[in-house]
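The structure appears below as C-alpha cells.
Just so you know, these numbers use all the heavy atoms, side chains as well, and skip hydrogens, waters and symmetry mates. First the proteins, then the strands, lettered A, B, ... as listed; each starts at 1. Everything numeric in this text was worked out from a predicted model, so none of it was measured.
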Amino acid sequence: MSKQEKIFEILSNLNEKQREALLHIDGPILVIAGAGSGKTRVLTYRIAYLIHQGIAKPEEILAVTFTNKAANEMKQRIRDIVGRRANAIWIHTFHSMGARILRENYELLGYSRNFVIYDRDDQKRLLKNIMKSAGWKFDVGSLIYHIEQFKKYGVMPQDGRIQSIIEEYIEHMRKNNAMDFDDLLANTLKLFDKHPEVLDRYARKFRYIHVDEYQDTSPIQYKLIRRLLKYHNNIFVVGDEDQSIYSFRGADFRIILNFEKDFPSAKVVKLEQNYRSTKEILDLANRVIKNNRSRRHKVLWTNNTKGKKPVVLSHYSDREEAAAIVRIIEKSGRPYSDFAILYRVNALSRALEEALMRNGIPYNIVGGFRFYERKEVKDILAYLRLIYNPKDDMALERIISVPPRGIGGKTIQAFREIARREGTSIYEAIKGYLDEVARGKKTRQALEDFVNLIEDMKGHEGDVSEMAQELIDRIGYVEYIQSTEDPNQAQSRLENIQELINSMKGYSSLEDYLESISLSSDQDELDSRSGVKLMTIHSAKGLEFPVVFVIGLEENIFPHFLSLSENNVEEERRLFYVAVTRAQEELYLSYCDRRTFRSEMLQPSRFLEEAGLLDEEEESYTISEYTYEEEDTGDHPFRIGDIVEHKKFGIGRVMSIDGERVKVLFQREGLKTLVLKYANLKKVS
DNA sequence: GTATTAGTGTTTTTT
DNA sequence: ACACTAATAC
C-alpha cells in the first residue's frame, strides 16, 4: 500500500468528529471522549498520521498513557501502520516516563544509575523497621498516607514522632538509592526546575505531546506536561470527566474541566457516538451520570439495535448471589471469557471465587493478588534486586531467611544496627562486620555462604532467565517449596516460577528486566486468558466485555461509606458509570441484603434508584427470575435463612451451609461457624 | 538463637 | 491467600 493509500485508509476509518480531532495539528486540543467512543483509535491514528505525513519524526512524539498495557498496545497498533519507526516514539505512563528521564540524568540529583523503585511492600517493610528501632507502633497504612501528603503538599502531621518517622523514611530512601512512586514524578519535576538545560533538551525534542485519560492526571503530572510545553504548544489530550475515578491517587478532574482556560487557543471536540454498548445500557448510564453536577453536557448515543434490558439481581446473601451468577453463566451457552464480574472492593470476590471453583468454572482474578505479588515470585525477584543493587535493604530482608539458612532475627537486627551506625546498607554491613557479630561458627558460615552466593550471581553473564535458573538451583528453592507446601500448592507455585523464568527470556540485563517489572500494572497481565474475569471497577477501566455483572450494589459498599463521609458521591457515581459502560451486550446489576463480614442489613444502592431500576411496579424491570436457594448438601433439616436456637448463643439465623458446617448469625453473639454434629441446633420457626 | 506451627486478622480504589 | 504474632520445638 502506498503512503497516500494508507493516509486515505486512516481517514476513512474515522467518523466525522474523530477526523476533525485528528486533523487539528498545531496548538492545543481537547478531545472529550465518552466511554467506547473510539478514543484509542483517534490517538493511534493521529500519531501514525503525523509520522506518515512527515509532520513529525517519531522521536519528536511523546504519548502518555495510563497503564503500560495501554502503552504497549498503542505502540503495536502504530507499528502496524508505520512499521519499525514506531519504536522511537516515547510511549509511557507518567511513572515510567519519569523513571526513564531520571535514569538518563541520575547523577544530577545525586542518585546512582541503578536506583531501585520501592513498591508498597517495601515501603511497609521499611516503616516497620523504623518503628521497631524507635519502639513505636503506628498504623503502617496511615503512615504511608502521611508520607504521600507530605510529598504532594508539604503537609507534615503534628505528632513529632510521626514527623521523625517520615524524616527517617526519606533519609533511608536517599541513602539506599531508592525511590517510591511519588518520587519518580517529584524528582523529575525537581530535575526540570533545578536544571533548565535538561528540561530544554526534552522540551525541544517533543514537538507533539499526547496525554490519554487526561481526567486522571494529578497536579504534579500536569506540571510536568506544562514544563515540556515550553517551546512547542502542541498538546493533544483525550479524556472524559465522567470517568475520573482516581482522586484518591491525586487525580484532579478539574484539570480537564479547566483545559480551555489553561490553553486559551484550545480547540475542543466531543466524541459522543458509542461503538461498544447497546442502547439500553447507554440509556442507563446516561440516566445515572446526569445526576453529577461537575461535568460538561454530554449524552452518549449509538446506532446499535436496542438489545437486552439490564437486569437487577436481588438476593438474601452473597452466597445466593454467587450461585445465581453461576447459573446465569452456565445457562447462557456463551464462552466463559465473555463474562466479567466487577466490584467496588476486592473483598467481594471471595464468595464468587468459591462458587466458581465449586462448579468447575474457570476464572481469573485481576488485581487482588496479582501475579507479581505472589510470594514465590516476590522471593525470586527480591534476590534479583539484591544482586542488581546490594543497597536494596528491603530485598535483603525479604530473602535472608528464604529458604531458612540459619540466620535469624537477632543476627539481622545486629546488622541493621551496624548499617545505621555506619551509614551503609545491611548487605555491606554483613560483608564488612562479619567478625563483630558472628562469633558462632554456624551463623558465620551461613553468612559467608550467603555473601558468596550474591557475589557469584553478580558476575553471571548472559540471559537473565539463565541466571535466575542457576540462582533457584543454588538456593534449593524448589526443594524448599516442596517441603513446606502441600503438593497441589507447591505445584502451582512451581508453575508460577516457571512462568516467571519465561518472562525473563530475552532480557540480557537485570536493569531492563527489573524496571519492566516494577512499573507493571494489574492490567498488564490480563491478556486474553480464557475464563470468567473478576476485578475491581478500577482495574476494569478501559476494558470491555460482552456480559458484565456489577455486584455489591448496596449503600455503604457502593457508594462506599468512606466516600460518603468525604462528600465524594460524585466520584462513586462516575465509578458506577465506568462499570456499566464496560458492558457490550448484557448487563446485570446485583445487590443483596447480607454479606459475609457485615453484620448489618444492607440497603440497595442509590445508583439503582437513579437508574430507574428499583421501581417494582414497572413490569419491565422486575427483579430477575434468577433467585435460587442453595441446595442442602448434608443430612439435616436446616436451610439458609432458617431461624435456629443454640443452647449457649441463643437465637440466630442460618447464613450458609457447607457440608457439615453452618454459619449462624446470632442476635447477641454475631456470626459463628458451627459444626452441625455438635452444635445441637433447634429449628425455631 | 533459629525454625516451625497454629491462630488471628484482613476489607477502598492503585501507578 | 497472605502477613503477622506468640508459642513451642530443635
Side-chain angles (χ1 to χ4, degrees), chain A residues 64-71 92-99 117-121 124-125 128 137 139-141 144-145 148 180-185 213 216-218 220-221 244-251 342-350 353-354 365-370 373-376 378 398 400-414 437-440 442-443 446 480 483-485 489 492-493 518-524 535-541 552 556-566 568 571-572 574-575 578-579 595-598:
Chain A
V64 184
T65 60
F66 199 67
T67 62
N68 289 298
K69 185 189 176 216
H92 287 285
T93 63
F94 273 105
H95 290 86
S96 72
M97 176 183 81
I117 298 164
Y118 274 12
D119 64 10
R120 206 20 83 79
D121 223 55
K124 284 184 183 164
R125 205 179 288 271
K128 274 179 195 152
K137 265 196 178 143
D139 174 55
V140 184
I144 289 176
Y145 171 79
E148 285 175 354
D180 59 27
F181 285 124
D182 286 335
D183 291 334
L184 290 175
L185 304 178
E213 308 279 13
D216 282 321
T217 49
S218 67
I220 187 164
Q221 294 169 342
S244 174
I245 56 174
Y246 281 96
S247 72
F248 65 92
R249 207 171 76 190
L342 311 182
Y343 34 80
R344 173 71 241 254
V345 294
N346 277 309
L348 294 186
S349 69
R350 216 39 193 287
E353 268 190 272
E354 279 168 24
I365 291 202
V366 184
F369 290 103
R370 314 215 272 272
E373 284 175 3
R374 276 174 228 161
K375 181 188 177 310
E376 60 277 17
K378 292 210 89 166
R398 183 176 179 100
I400 185 85
S401 295
V402 180
R405 46 165 68 84
I407 305 169
K410 286 279 173 196
T411 310
I412 298 165
Q413 185 56 31
V437 177
R439 303 230 170 69
K442 262 176 85 179
T443 314
Y480 162 68
S483 67
T484 50
E485 308 272 1
Q489 181 90 272
S492 105
R493 289 198 192 278
S518 64
L519 293 174
S520 80
S521 70
D522 61 344
Q523 274 197 18
D524 301 346
M535 69 191 89
T536 64
I537 300 162
H538 281 92
S539 16
K541 179 158 177 202
N556 291 323
I557 291 178
F558 192 10
H560 195 272
F561 68 99
L562 285 171
S563 298
L564 293 173
S565 66
E566 284 166 16
N568 209 358
E571 175 135 328
E572 296 285 307
R574 291 194 287 270
L575 202 48
V578 168
R595 286 199 183 271
T596 324
F597 296 117
R598 291 233 170 212

Expressed as a whole number of angstroms, how long is the span from [X]:[atom1] to [N]:[atom2]?
| X | N | atom1 | atom2 | result |
| --- | --- | --- | --- | --- |
| A:R344 | B:dT14 | CZ | C1' | 12 Å |
| A:D139 | C:dA3 | CG | P | 17 Å |
| A:N556 | B:dT11 | CG | P | 18 Å |
| A:K378 | C:dA3 | NZ | C1' | 12 Å |
| A:I117 | B:dT14 | CD1 | C1' | 15 Å |
| A:K375 | C:dC2 | NZ | C1' | 10 Å |
| A:L575 | B:dT12 | CG | C1' | 10 Å |
| A:I245 | B:dT13 | CD1 | P | 13 Å |

Is any side-chain heavy atom of [Y] closer than 4.5 Å to one of [X]?
| X | Y | value |
| --- | --- | --- |
| A:L185 | A:H95 | yes |
| A:R595 | A:I557 | yes |
| A:F94 | A:I220 | no |
| A:L342 | A:M535 | yes |

Within the sub-3.5 Å range, which N or O atoms of nucleotides 4-10 of chain C have a protein N or O partner, and how far apart are they?
from, atom 1, to, atom 2, distance (Å)
C:dC4, OP1, A:K128, NZ, 2.2

For the side chain of [X], counting heavy atoms from C-beta on, which of [options] is nearest?
| X | options | result |
| --- | --- | --- |
| A:N346 | B:dT2, B:dT15, B:dT13 | B:dT13 |
| A:F248 | C:dA1, B:dT15, B:dT14 | B:dT14 |
| A:K410 | B:dT2, B:dT12, B:dT15 | B:dT2 |
| A:R493 | C:dC2, B:dG1, B:dT15 | C:dC2 |
| A:H538 | B:dT12, B:dT11, B:dT14 | B:dT14 |

Please report the interatomic distance [atom1]([X]) to [atom2]([Y]), rounded to the nearest 0.5 Å.
| X | Y | atom1 | atom2 | value |
| --- | --- | --- | --- | --- |
| A:N556 | A:R344 | CG | CZ | 12.0 Å |
| A:I537 | A:Y343 | CD1 | OH | 10.0 Å |
| A:Y118 | A:D183 | OH | CG | 11.5 Å |

For this session: Before accepting this row, confirm whether a basic side-chain N of the pair A:R249/A:E571 lies closer than 4.0 Å to the acidic partner's carboxylate O.
Result: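 No, this pair does not count.
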
If the cut-off is 4.0 Å, is [X] near the phosphate of [N], judged by side-chain N/O to OP1 or OP2?
| X | N | value |
| --- | --- | --- |
| A:N68 | B:dT15 | no |
| A:T411 | B:dT2 | yes |
| A:T536 | B:dT14 | yes |

Exercise. Do the rings of A:F66 and A:Y246 sit parallel, tilted or perpendicular, given the 30° and 60° boundaries?
Worked result: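 If you compare the ring of A:F66 with that of A:Y246, the planes turn out tilted.
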
Problem set entry | Closest-nucleotide ordering on DNA chain B, the 5'-leading residue of A:F561 and A:S401 |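 The residue closer to the strand's 5' end, by nearest nucleotide, is A:S401.
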
Problem set entry | Of A:I412 and A:F181, the one whose closest DNA chain B nucleotide lies more 5' |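 Its nearest nucleotide being more 5', the pick is A:I412.
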
Problem set entry | Residues that A:D182 engages under salt bridge (Lys or Arg N to Asp or Glu O under 4.0 Å), provided they are two or more places apart |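 For A:D182, no residue satisfies salt bridge (Lys or Arg N to Asp or Glu O under 4.0 Å) once neighbours in sequence are set aside.
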
Mind checking if [X] touches a base, just sugar-phosphate, or nothing, with heavy atoms under 4.0 Å?
| X | result |
| --- | --- |
| A:Y246 | sugar-phosphate |
| A:L185 | nothing |
| A:R574 | nothing |

Please list, for nucleotides 4-6 of chain B, all pairs of protein and nucleotide N/O atoms separated by less than 3.5 Å.
none

For this session: Considering non-hydrogen atoms only, spot the tightest contact between A:M97 and A:V64 and give its length.
Result: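 In this case the closest contact between A:M97 and A:V64 is SD-CG2, 4.4 Å.
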
